Amino acid sequence: MSPDALTDEALLGACRTGDERAFATLLRRHHPALVALARCWPGGAHEAQRDVALAWLAVLGPVRTEPSTALSVRARAGREVARAATRRTNLPLEAPDGPLVDPDRFFPAAHELWPGEWADPPRPWGRAAARRLSQADMPRLLARRVRELGVAPGAALTLRDIHGWSAAECAAALELSEAQARSLLRSARESLRAALEAEIDSR
Amino acid sequence: MNELPAPRLTCLEVVELLTDFLEGVLPHREHARVEAHLQTCPDCPAYVEQLRTTIGALGRVREEHVPEGVLDEHALGQGVLDELVAAFRGWKSG
């Protein structure tokens with residue numbers, strides 16, 4: 001059977017018997033997301049590659065009986081990437097402080113008529129915005145904004161929204177509760193939405 | 001005794017709950033409160049649409065869009081693949 005037809009778990013098992021094709025298949029499947037995750041921490045591409053290599057070394061190591069083996073292969077690899085990048089940079093994952101959306105965009109809680117309602121509401125994104133969003137430079141602009149998010153929100157957004165990992169895999173890779181991971185995601189998505197809003201409103 | 005209806009959420013509260021709403025993890029009652037707000041609020045649906053559009057746009061970000069010209073270095077080209085497979089050979093024999 002071609003390695004491409006095998007599940008990640010089956011490929012991992014084959015890797016442990018020394019099957020190089022199985023390892024190459026796992027790499028092709030998950031390398032981009034894992035390097036993108038490592039790149040959320042400071043450092044260059046070389047450091048990120050090293051984090052990912054260390055992660056595979058850890059994942060391919062002896063089968064452990066710890067509860068984490070219930071995780072998907074990529075979540076285990078992601079967790080090892082995050083650990084390696086944290087050790088390398090001494091930067092733990094920290095949630096950003098502060099309100100989600102600029103509080104000045106809402107009427108204050110004590111407002112007589114509209115407490116907590118929008119004072120400066122978002123405008124619907126019409127056709128012009130759709131055209132702007134479909135332009136070739138937009139993914140590059142978003143990728144640049146993701147790099148500016150900071151380690152923790154950037155990592156959560158990279159795994160969940162760019163690489164489509166499940167919420168559970170994302171939380172497990174970052175060794176957070178799902179609620180903590182969602183909190184990071186909330187902050188990261190709002191930052192990206194606000195960046196797009198500014199970009200679209202400026203046109 | 002009938003349960004009192006929950007007070008209407010404010011826009012600020014809805015914005016705070018939206019990621020949990022979109023991820024489908026809000027308790028049923030809270031989910032219904034957000035939906036009820038979105039049906040009557042003139043402004044929040046635009047915010048939801050912006051958030052969904054942003055998530056959709058992020059799904060189109062690929063390796064080649066990553067800044068600082070790291071594509072050649074971190075994309076899984078044949079060179080990187082060979083290097084890692086060679087390392088794998090070393091691990092299994094080591």
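Heavy atoms only: backbone and side chains are in, while hydrogens, waters and symmetry mates are out. Letters A, B, ... mirror the listed sequences (proteins, then strands); counts begin at 1. Here the structure is a predicted model, which is why all the values come from computation and not from measurement.
Interface remark: B:Arg8 contributes side-chain atoms only to the contact with chain A (heavy atom separation under 4.5 Å). With a threshold of 4.5 angstrom between heavy atoms, A:Leu157 approaches chain B through side-chain atoms but not through N, CA, C or O. The part of A:Pro115 that comes within reach of chain B is its backbone (N, CA, C, O), which places non-hydrogen atoms under 4.5 angstrom from that chain. With a threshold of 4.5 angstrom between heavy atoms, A:Val146 approaches chain B through side-chain atoms but not through N, CA, C or O. Contacts between B:Gln50 and chain A at a heavy-atom distance below 4.5 Å involve backbone atoms as well as side-chain atoms. The contact between A:Leu192 and chain B is made by backbone and side chain atoms together, counting heavy-atom distances below 4.5 Å. Proximity to chain B (any heavy atom under 4.5 Å) is restricted, for A:Glu197, to the side chain, taken from C-beta onward. In this structure, chain B has a heavy atom under 4.5 Å from the side chain of A:Arg160, while its backbone stays farther away. In this structure, chain A has a heavy atom under 4.5 Å from the side chain of B:Val25, while its backbone stays farther away.
Crowding of A:Arg21 atom CZ: a count of heavy atoms from other residues, nucleotides or ligands under 6.0 Å not exceeding 12.
The existence of a salt bridge linking A:Arg50 and A:Glu47 is excluded, since no basic side-chain nitrogen approaches an acidic carboxylate oxygen closer than 4.0 Å. Here A:Arg182 does not pair with B:Glu23 in a salt bridge; the nearest charged N to carboxylate O distance is not below 4.0 Å.
Interatomic distance, CD of A:Gln180 versus CG of A:Leu185, reported as 13.5 Å (0.5 Å rounding).
Taking the six-membered ring for Trp and the full ring otherwise, A:Trp114 and A:Phe106 have centroids separated by 6.0 Å or more.
A donor atom on one side chain and an acceptor atom on the other are found under 3.5 Å apart for A:His31 and A:Gln49.
Among the candidates A:Phe23, A:Trp56, A:Trp125, A:Phe107, the residue making the largest number of heavy-atom pairs closer than 4.5 Å to chain B is A:Trp125.
Using modelled atom types, one side-chain atom of A:Arg105 and one backbone atom of A:Asp120 make a donor-acceptor pair closer than 3.5 Å.
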